[in-house]
**Student:** 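Could you have a look at this structure, given as structure tokens, before my questions?
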There are 2 protein chains.
Amino acid sequence: MRSELADILLKDSEINIEKSLPSISIDCVVFGFDTASLKVLLTKVKEKDGWLLPGGYLHKSENLEDGAYRILESRTGVSEIYLQQFKTFGKLNRSNDFFSEYDKNLWHKRRFLSVGYYALTNFAKVEPKIDYLSEACEWKNINELPQLLMDHQEIFDAALLELRKGLNYRPVGLNLLPEKFTMPELQRLYEIILDKPLNRGNFYRKMTKYGILNKLKETRKGGAHKAPNLYTFNAETYNEALENGFKEAW
Amino acid sequence: MRSELADILLKDSEINIEKSLPSISIDCVVFGFDTASLKVLLTKVKEKDGWLLPGGYLHKSENLEDGAYRILESRTGVSEIYLQQFKTFGKLNRSNDFFSEYDKNLWHKRRFLSVGYYALTNFAKVEPKIDYLSEACEWKNINELPQLLMDHQEIFDAALLELRKGLNYRPVGLNLLPEKFTMPELQRLYEIILDKPLNRGNFYRKMTKYGILNKLKETRKGGAHKAPNLYTFNAETYNEALENGFKEAW
DNA sequence: ACAAAAGTGTTCGCTCTACACCCATGG
DNA sequence: CCATGGGTGTAGAGCGAACACTTTTGT
């Protein structure tokens with residue numbers, strides 16, 4: 001079949017056969033946050049009617065995790081980011097048929113497992129970039145997702161579940177919120193991720209007790225009301241908590 | 001280099017090139033339990049000084065999870081088993097050098113990612129089987145592990161951590177304990193996995209409350225003392241709990 | 001009789017929840 | 001003044017830890 005995409009795929013196929021490890025792909029669920037909502041970065045494939053999570057192939061000469069960071073950075077321009085492997089997807093026909101109308105020797109038509117990573121970022125910092133086979137790369141609200149192709153809905157669902165479970169024993173917020181932020185902003189982040197309201201007083205105490213916050217002497221002036229306190233994350237205790245978690249029973 | 005193993009590898013190499021997906025391997029951390037201790041199934045590689053987790057390659061025509069079950073069954077003869085994917089390992093040199101002295105075109109010398117699964121079984125039911133490149137397959141106590149080759153110590157550690165964390169929100173015991181078992185036996189299982197003593201009364205209440213146990217009218221006769229009550233797992237609620245977990249905060 | 005097992009009660013301390021109250025302060 | 005933010009108090013529910021008491025029962 002002759003089309004713009006067909007040509008691109010052929011060329012890309014050669015490059016990947018040379019450079020990438022067969023059978024392995026990486027898909028990234030990039031969650032973005034601003035003051036109002038939680039979104040996910042999706043790409044629209046050329047000549048296809050549907051969207052995909054940004055992904056790519058692992059180079060022969062790079063570590064798995066480095067591959068995930070590279071793919072992520074190539075789409076968002078963001079390198080300092082929280083990235084978490086959550087599951088590997090390996091059903092037989094997960095990506096079959098996808099390029100069925102194109103050249104049968106195509107790299108892309110082979111069988112791939114996909115290692116799923118999720119990332120969290122502030123989408124104000126991100127410049128979504130399309131790649132060779134996409135015609136768009138956009139933030140989509142997680143409550144209004146378009147149709148996802150292949151098994152990417154399943155991958156997304158697993159990532160969201162992991163993200164929410166992770167809130168129980170991992171801190172969240174660094175690189176999502178601005179450097180300096182207020183307690184209501186932090187609470188809003190949690191509420192948006194969990195999609196439910198939280199009690200203010202309890203949230204305040206909980207966060208304070210975790211010991212990951214530095215309270216600054218400054219306040220945020222200029223609002224219509226009382227100037228709220230500003231906080232930063234304490235990089236040391238925050239990272240310590242990321243490593244070791246907040247609690248664990250038994 | 002000429003050796004028994006070298007010949008085997010060459011032959012196996014051809015088979016795998018034909019039959020298996022490149023770049024992917026599966027390693028299984030098979031935990032075994034009897035009334036006294038927690039062990040893990042290890043294999044001793046021919047002509048090598050050290051042990052490995054049982055593993056294998058994913059066939060081109062099978063689902064990832066099915067591959068894990070197949071590999072597991074080929075080593076243990078056990079098919080009804082709890083199997084849980086926990087992490088995928090993809091460092092660049094994780095399996096390099098391992099067959100360094102053998103033919104450079106060998107399948108086995110390529111780069112592989114390894115998808116880690118852990119399994120739980122009663123090792124009384126298992127008949128460990130050696131495979132083509134191992135000279136032994138044995139249960140080893142987890143507190144006295146021999147030297148593990150490649151990155152298999154790291155894989156094992158990650159599996160044990162996951163297993164222990166899992167006890168907080170997943171039931172354990174089905175297929176590990178005999179069909180009918182007593183409360184002290186169940187408690188012992190938990191204590192061995194967690195490597196610490198638990199309070200009897202609290203344990204009794206906790207397990208009872210989970211609602212995954214059927215209390216039988218029978219007791220275990222023949223012991224030196226009072227005949228303990230026998231229980232079975234309630235397959236329905238047990239599996240329901242496996243799926244959905246016991247709790248989750250927020 | 002003895003010892004293990006079974007079942008239950010109780011106390012203490014902690015955490016989470018929900019709600020409420022008070023103060024501060026920018027406009 | 002008032003809306004928002006900050007901080008604290010507290011009552012109630014629930015749970016886990018620890019311990020202890022009682023009963024059952026096989027040998």
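Excluded from the calculations below are hydrogen atoms, water molecules and symmetry mates; all remaining heavy atoms, backbone and side chain alike, are included. By convention in this document, chain letters (A, B, ...) are assigned in the order of the sequence lines, proteins followed by strands, and residues within each chain are numbered from 1.
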**Student:** Rounded to whole Å, how long is the line connecting atom CE of A/Met183 with atom P of D/dT8?
**Tutor:**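 A/Met183 atom CE is separated from D/dT8 atom P by 11 Å.
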**Student:** Assess whether one donor atom and one acceptor atom, taken from the side chain of B/Arg200 and the base of C/dA6, lie less than 3.5 Å apart.
**Tutor:**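 Side chain to base: pair found, below 3.5 Å.
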**Student:** Would you tabulate the nitrogen or oxygen pairs shorter than 3.5 Å linking the protein to nucleotides 24-27 of chain C?
**Tutor:**
{"unit_1": "C/dG26", "atom_1": "O4'", "unit_2": "A/His225", "atom_2": "O", "d": "2.9"}
{"unit_1": "C/dG27", "atom_1": "OP1", "unit_2": "A/Gly223", "atom_2": "O", "d": "3.4"}

**Student:** Passes side-chain hydrogen bond (donor to acceptor under 3.5 Å, both in side chains), A/Ser114 versus A/Asp27? Steps please.
**Tutor:** CA-CA 6 Å; A/Ser114 180; A/Asp27 285 309; 2.6 Å; yes
**Student:** Can you find a side chain N or O atom of A/Lys209 that sits less than 4.0 Å from OP1 or OP2 on C/dC16?
**Tutor:**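 It does, given that an N or O in the side chain of A/Lys209 lies less than 4.0 Å from OP1 or OP2 of C/dC16.
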**Student:** Provide, to the nearest angstrom, the distance between the CG atom belonging to A/Leu186 and the P atom belonging to D/dG5.
**Tutor:** 13 Å
**Student:** Using a heavy-atom cut-off of under 4.0 Å over every strand shown, decide if A/Phe203 touches base, sugar-phosphate, or nothing.
**Tutor:** nothing
**Student:** Evaluate the ring planes of A/Phe31 and A/Tyr118, with Trp represented by its six-membered ring, and classify them as parallel (under 30°), tilted (30 to 60°) or perpendicular (over 60°).
**Tutor:** perpendicular
**Student:** Assess whether a salt bridge exists between A/Lys180 and A/Glu218, defined as any Lys/Arg side-chain N lying under 4.0 Å from an Asp/Glu carboxylate O.
**Tutor:** yes
**Student:** Please report, rounded to the nearest Å, how far the P atom of D/dC19 is from the CG atom of B/Leu198.
**Tutor:** 14 Å
**Student:** Taking CG from B/Asn199 and C1' from D/dC15, how many angstroms apart are they, rounded to a whole number?
**Tutor:**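 Between C1' of D/dC15 and CG of B/Asn199: 13 Å.
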**Student:** Taking the six-membered ring for Trp, are A/Phe246 and A/Tyr210 ring centroids under 6.0 Å apart?
**Tutor:** yes
**Student:** Report the residues that fulfil salt bridge (charged side-chain N to carboxylate O under 4.0 Å, His left out) with B/Lys129, sequence neighbours left out, ordered by chain and then residue number.
**Tutor:** none
**Student:** A/Tyr82: what forms a ring-ring contact (aromatic ring centres under 6.0 Å, His included) with it, not counting sequence neighbours?
**Tutor:** none
**Student:** Round to a whole Å and report the spacing from CD of B/Gln187 to P of D/dA18.
**Tutor:**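 Those two atoms, CD and P, are 13 Å apart.
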**Student:** Going by ring-ring contact (aromatic ring centres under 6.0 Å, His included), name the residues that satisfy it together with B/Tyr169, two or more places apart in sequence or in a different chain.
**Tutor:** none
**Student:** Collect all protein-nucleotide pairs involving nucleotides 9-11 of chain C in which both atoms are nitrogen or oxygen and the distance is under 3.5 Å.
**Tutor:**
{"unit_1": "C/dG9", "atom_1": "N7", "unit_2": "B/Arg205", "atom_2": "NH1", "d": "3.1"}
{"unit_1": "C/dG9", "atom_1": "O6", "unit_2": "B/Arg205", "atom_2": "NH2", "d": "2.9"}

**Student:** For B/Lys206 and D/dA18, give me the distance from atom NZ to atom P, rounded to whole Å.
**Tutor:** 12 Å
**Student:** Nearest-Å distance, OH (A/Tyr190) to P (C/dT17)?
**Tutor:**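 After rounding, the gap between these two atoms is 13 Å.
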**Student:** Does NZ belonging to A/Lys140 count more than 12 external heavy atoms closer than 6.0 Å?
**Tutor:** yes
**Student:** For A/Tyr204 and C/dC21, what is the distance between atoms OH and P respectively, to the nearest whole Å?
**Tutor:**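 Rounded to whole Å, this separation is 20 Å.
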**Student:** Does A/Tyr117 have any ring-ring contact (aromatic ring centres under 6.0 Å, His included) partners at least two apart in sequence or in another chain, and if so, which?
**Tutor:** none
**Student:** Please classify the nucleic acid contact of B/Asn229 as base, sugar-phosphate, or nothing, using heavy-atom distances under 4.0 Å.
**Tutor:**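 Sugar-phosphate, backbone atoms only, no base.
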